[in-house]
Protein chains: 2
Amino acid sequence: MNRNTRPDVVTKAIEVLDELGLPDLTMRRLGAELGVRPSALYHHFPSKQALLAAVADELLDRAPWPAVGDWTTRTAATCHVLRDTLLAYRDGAELVATVHSFGLGARRPYELLVSTLAEGGVGPLAPTAARTLLHFVYGHAVDEQTHLQAAAAGAIGDDPLETGPRASEDFGVGLGIVIAGIQVMHAAQPAR
Amino acid sequence: MNRNTRPDVVTKAIEVLDELGLPDLTMRRLGAELGVRPSALYHHFPSKQALLAAVADELLDRAPWPAVGDWTTRTAATCHVLRDTLLAYRDGAELVATVHSFGLGARRPYELLVSTLAEGGVGPLAPTAARTLLHFVYGHAVDEQTHLQAAAAGAIGDDPLETGPRASEDFGVGLGIVIAGIQVMHAAQPAR
DNA sequence: ACCTGAACACCGTTCAAGT
DNA sequence: ACCTGAACACCGTTCAAGT
């Protein structure tokens, strides 16, 4: 009898995602959780993909994005915050990576990185550099979350390189590789 | 009346993938294409995921992997061959990236890169460097293929940064960033 | 070894109609 | 504005039984 609003649906979707995981976040399950038929959700969103995009954007809006520092430390901080955000929700990495690659949402990290790099003087390399950083962060987070859940399910003995504190170190090393590469290619660029 | 063998199934699956795309590569469709009930496929593979892993491995086995050159040019060549292979089949990038991240197959590029980097003297950084390269190549190829198909469907006007020769340049620049970063971080490593 | 037949337990989406 | 009821056109997987 209490009718649902669009933000209600997104909030409940995040709960279902975190408790059941992305494969169980179905229109039918989400409808049931809201006390409503699946078809009612199509009053709020034109498709499931649009719903997932709204969920991804909401997760990213909750993140404590950094605002200060020179471009290298701010870029690194942004990537660490992004990773932490993706890992903070069950299947968060896969969800956000999918939404981003379909071009339906999750644009915030890209825009933050491009403007950080542009303000840092990286210039015309900024969009390519930002995408390279995002490919690394999403890929690493998806791998880590997949192996984390495999280990939690007991299917595989903890691979220490993919789980726990070793994964954080590994993320930092990989991120260092990409940022160092941006610095080098930027310096090798003809001046403007 | 002619019964199917395991390689038959993989070969037909690649045909269906390339003609219909990954969403239409269903057990039911593939069975129909082989003149067989969907349940018959479970005699050859324990699950759809196992089938997809075999398909990904077959695609990767067909690639002309490079075998010579110093580690930087050989690494670059391996990444270019991988990208070309992924883009040579409809939805090839998404298929191989998914299989790889689930840990069920598609291990060949990782092994090639690790041994190339190790022989190049990159030492303990090799596994992390290889994964960073793969995150970039898979992420870039998935993006490119997604936008290519969106452009082909006419939904979006060709984004020149994501399509055509500009995409190749962009891939090369991003790859240059990662390889340069590996060189820097390797040089910054304490000697062993 | 390879396949059939039939079932189980689900999906996303549409659409006329209700309040 | 938000939802119901009912349908459409599908999924992956299991399992006893057939050849």
Side-chain angles (χ1 to χ4, degrees), chain A residues 1-14 16-17 19-56 90-91 94-95 98-99 101-105 146 149-150 153 155, chain B residues 1-14 16-17 19-56 90-91 94-95 98-99 101-105 146 149-150 153 155:
Chain A
M1 49 192 60
N2 268 338
R3 290 168 141 183
N4 297 297
T5 174
R6 210 182 125 108
D8 290 345
V9 177
V10 172
T11 301
K12 185 65 82 179
I14 293 177
V16 173
L17 174 73
E19 280 163 27
L20 287 325
L22 191 54
D24 285 330
L25 176 49
T26 66
M27 299 302 264
R28 302 175 109 95
R29 177 76 197 229
L30 178 57
E33 217 75 40
L34 288 162
V36 117
R37 302 274 158 153
S39 54
L41 300 174
Y42 289 84
H43 181 78
H44 302 283
F45 298 94
S47 67
K48 187 183 180 181
Q49 287 211 338
L51 199 182
L52 294 180
V55 171
R90 163 115 87 133
D91 291 336
E94 202 190 325
L95 168 71
T98 300
V99 167
S101 89
F102 269 63
L104 302 171
T146 299
Q149 283 173 196
Chain B
M1 47 192 56
N2 269 339
R3 289 167 141 181
N4 297 298
T5 175
R6 209 182 124 108
D8 291 343
V9 177
V10 171
T11 301
K12 185 65 82 180
I14 293 177
V16 174
L17 174 73
E19 280 162 30
L20 288 325
L22 192 54
D24 285 329
L25 176 48
T26 66
M27 299 302 263
R28 302 176 109 96
R29 178 78 196 227
L30 179 56
E33 217 77 39
L34 288 163
V36 117
R37 301 275 157 152
S39 55
L41 300 173
Y42 289 85
H43 181 78
H44 302 283
F45 298 94
S47 66
K48 186 182 180 182
Q49 287 210 339
L51 199 182
L52 294 180
V55 170
R90 164 116 86 132
D91 292 337
E94 201 190 327
L95 169 70
T98 300
V99 167
S101 90
F102 269 63
L104 303 171
T146 300
Q149 285 175 196

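Convention: sequence-line order gives letters A, B, ...; per-chain numbering from 1. Quick caveat: nothing in here was measured; it's all calculated off a predicted structure.
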| message | Please enumerate all residues that pass side chain to side chain donor-acceptor pair (under 3.5 Å) together with B:R6, with sequence neighbours excluded. | response | none
| message | Rounded to whole Å, how long is the line connecting atom CZ of B:R3 with atom C1' of D:dG18? | response | 10 Å
| request: Choose from D:dC11, D:dC3, C:dC3 the nucleotide whose nearest atom is closest to any side-chain atom of B:V36. | output: C:dC3
Show each protein N/O and nucleotides 13-16 of chain C N/O combination with a separation under 3.5 Å, one pair to a line.
unit_1: C:dT13; atom_1: OP2; unit_2: A:Y42; atom_2: OH; d: 2.6
unit_1: C:dT13; atom_1: OP2; unit_2: A:K48; atom_2: N; d: 2.9
unit_1: C:dT13; atom_1: O5'; unit_2: A:Y42; atom_2: OH; d: 3.2

| task | Would you please name every residue forming a side-chain contact (heavy atoms from CB on, under 4.5 Å) with B:T98, sequence neighbours left out? | result | B:E94, B:F102
| With sequence neighbours excluded, what pairs up with B:D91 under the side chain to side chain donor-acceptor pair (under 3.5 Å) test? | B:Q149
| request: Could I get the full list of side chain to side chain donor-acceptor pair (under 3.5 Å) partners for B:Q49, not counting sequence neighbours? | output: none
| message | Rounded to whole Å, please give me the gap between CG in A:L30 and C1' in C:dG12. | response | 13 Å
| field | By side-chain contact (heavy atoms from CB on, under 4.5 Å) - contacts of A:T146 (at least two apart) | value | A:V142
| said: Here's a test for you: under side chain to side chain contact (heavy atoms under 4.5 Å, CB included), which of B:L51, B:V16, B:L95 qualifies with B:L25? | reply: B:V16
| request: In whole angstrom, give the distance that lies between atom NE2 of B:H44 and atom C1' of C:dC2. | output: 6 Å
| remark: Atom CG of B:D24 and atom P of D:dC10 are separated, to the nearest Å, by 10 Å
| query | P atom, C:dC10 versus D:dA9: distance in rounded Å? | reply | 23 Å
| remark: side chain to side chain donor-acceptor pair (under 3.5 Å) filter on A:E19, not counting sequence neighbours, yields none
| Does C:dC3 have OP1 or OP2 sitting under 4.0 Å from an N or O in the side chain of B:N4? | yes
| message | Here's a test for you: under side chain to side chain contact (heavy atoms under 4.5 Å, CB included), which of A:L17, A:V36, A:V9 qualifies with A:L30? | response | A:V9
| field | DNA chain D stem ranges, 3 or more consecutive Watson-Crick or G-U pairs under 3.5 angstrom | value | C:4-8 with D:12-16, C:12-16 with D:4-8
| message | How many whole angstroms separate atom CG of A:D8 from atom C1' of D:dC3? | response | 14 Å
| said: Please enumerate all residues that pass side-chain contact (heavy atoms from CB on, under 4.5 Å) together with B:D24, with sequence neighbours excluded. | reply: B:L20
| field | Closest nucleotide among C:dG5, D:dG5, D:dG12 to the A:R37 side chain | value | D:dG5
| For A:L25 and C:dC11, what is the distance between atoms CG and P respectively, to the nearest whole Å? | 11 Å
| field | Separation of atom CZ in A:R29 from atom P in C:dG12, rounded to whole Å | value | 13 Å
